[in-house]
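Data block below; observations after.
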Amino acid sequence: MAIADAGATSGAAVAAPFVVIIPARLASTRLPDKPLADIAGKPMIVRVAEQATRSGAARIVVATDSAAVAEAVGKAGFEAVMTRADHPSGTDRLAEAAGALGLADDAIVVNMQGDEPELPPALLDDVARCLAQDPACVMATAAHAIEVAGDWFNPNVVKVVLDANSRALYFSRAPVPYHRDGLRSVAGLPAVPAGSGGTGHDDASPGLRQALAAAAPLRHIGLYAYRSHFLKAYSQMAPTALEGIEALEQLRVLYHGFPIRVVVTSRAPPAGVDTPADLAAVRRRFGAS
């Protein structure tokens, strides 16, 4: 399994040009007006677009349902496209934007989240290259090795299992692959406290460390590349029971028999901005007060 260095400097040639589309909703329950939150004198959505320019993207577009976001993006010199406000997911917003932009069916579209101003640009290149090099796949995404047992059991950490060709077999919030024999020897694994995001699992347990090493679980990174024609097809697919159970929309793709290629990076990218505490931490790293 080839491993890409997510922290490497971008600029390596990709197999095909690609377009970055950044979905941005103004509404947010935990952080109101999140795309417009100031980070060192610029709105967060502009910081995200600037980060995308450091990749090999041929075009960068913000897809939004907010005139205020579109105005901020335009003032910074970036392209914006207006979309409906009632999309059930970011992928559906992406599909509308791709249609409005008139992208060719074979164009590769990378979905960059609008709350990740520190996402390594090389990772955008990696998922685009990964998809371009596997014509049988309609999507590509990324993952990295889980090194802490608590993350393996944490339902807030999405896991992915791959086949021999680095294509996704399944995504789950459960600890997959589950090492049946290895975990038999680990007595008293505590339950995950509801809503805590923690696990209580003892990472110092030799048995648990051995089971983790043998299972080699992968944490899914929520970055996707799509073929433009598939985005149109995806928007017409009915949601499935499986994606509802796991609360993972990518399972709709696997359920309908479409393959997803996965690039494994050397380490986790920085976390996105979901809460006021996250925003404060990003501001400190950007040098803002």
Side-chain angles (χ1 to χ4, degrees), residues 14-26 35 45-46 48-49 51-53 55-67 69-70 72-74 76-116 119 121 123-142 168 221-240 243 248-263:
V14 295
F18 63 96
V19 177
V20 169
I21 299 181
I22 308 169
R25 290 176 64 248
L26 196 59
I45 190 63
V46 172
V48 174
Q51 191 74 336
T53 66
S55 74
R59 188 178 183 184
I60 298 164
V61 183
V62 173
T64 184
D65 58 4
S66 164
V69 171
V73 168
F78 291 101
E79 184 178 1
V81 61
M82 295 298 296
T83 57
R84 301 197 323 264
D86 60 348
H87 285 300
S89 72
T91 308
D92 292 292
R93 189 177 307 281
L94 201 73
E96 183 190 354
L101 294 171
L103 300 182
D105 282 349
D106 61 351
I108 291 178
V109 178
V110 176
N111 180 1
M112 184 178 184
Q113 298 302 314
D115 58 4
E116 296 189 342
L119 186 76
L123 195 52
L124 302 175
D125 293 339
D126 288 340
V127 294
R129 182 188 305 111
C130 182
L131 182 57
Q133 293 176 348
D134 194 338
C137 288
V138 296
M139 279 176 60
T141 188
I221 299 168
L223 174 69
Y224 298 97
Y226 303 84
R227 300 192 190 281
S228 180
H229 70 82
F230 180 72
L231 277 172
K232 301 171 188 175
Y234 178 91
S235 65
Q236 297 172 4
M237 292 179 188
T240 67
E243 70 178 281
L248 298 173
E249 65 179 285
Q250 65 268 36
L251 289 176
R252 187 186 314 182
V253 179
L254 295 183
Y255 180 87
H256 287 286
F258 294 98
I260 300 175
R261 184 69 182 270
V262 181
V263 58

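Each of D126, I108, V110, I260 was checked for a side chain to side chain contact (heavy atoms under 4.5 Å, CB included) with L131, and the lone residue meeting it is I108.
Between atom CG of residue L103 and atom CG of residue L231 there is a gap of 9.0 Å, rounded to the nearest 0.5 Å. Residue M112 holds its CE atom at 9.5 Å from CG of L123, rounded to the nearest 0.5 Å. Interatomic distance, CE of M139 versus CG of L254, reported as 8.0 Å (0.5 Å rounding). Considering CG of D134 and CZ of R261, their distance stands at 4.5 Å, rounded to 0.5 Å. The CG atom of D92 sits 7.0 Å away from the CD atom of E249 when rounded to the nearest 0.5 Å. Atom-to-atom distance recorded for Q51:CD and L119:CG is 7.0 Å, nearest 0.5 angstrom.
When all heavy atoms are compared, the tightest approach of A24 to V69 is CB-CG1, 4.2 Å. Taking every heavy atom of both residues into account, L94 and P23 meet most closely at CD1-CG, 4.1 Å. Heavy-atom minimum distance, D65 versus M82: C-CE, 3.7 Å. Across all their heavy atoms, S228 and A98 have their closest contact at OG-CB, 4.3 Å. Taking all atoms of both residues into account, the shortest heavy-atom contact from G114 to I22 is CA-CG2, 3.5 Å. The shortest non-hydrogen separation linking F18 to A57 is CZ-N, 3.4 Å.
Put simply, the side chain of R59 never gets that close to the backbone of P17: no donor and acceptor are under 3.5 Å apart. Remark: side-chain polar atoms of T141 are paired, donor with acceptor, to backbone N or O of L223 under 3.5 angstrom. The backbone N or O of T64 sits nowhere less than 3.5 Å from a side-chain atom of R93 that would complete a donor-acceptor pair. Remark: the backbone N or O of D125 is not paired with any side-chain donor or acceptor of S55 at under 3.5 angstrom.
In this structure, the side chains of Y255 and E243 stay at 4.5 Å or more apart for every pair of heavy atoms.
Remark: the T91 side chain and the Y226 side chain contain an N/O donor-acceptor pair separated by less than 3.5 Å.
In summary, K232 and D105 engage in a salt bridge, as defined by a charged side-chain N under 4.0 Å from a carboxylate O.
Taking the side chain to side chain contact (heavy atoms under 4.5 Å, CB included) definition, one finds that F258 meets it with V138, F230, M237, V253, H256, sequence neighbours left out.
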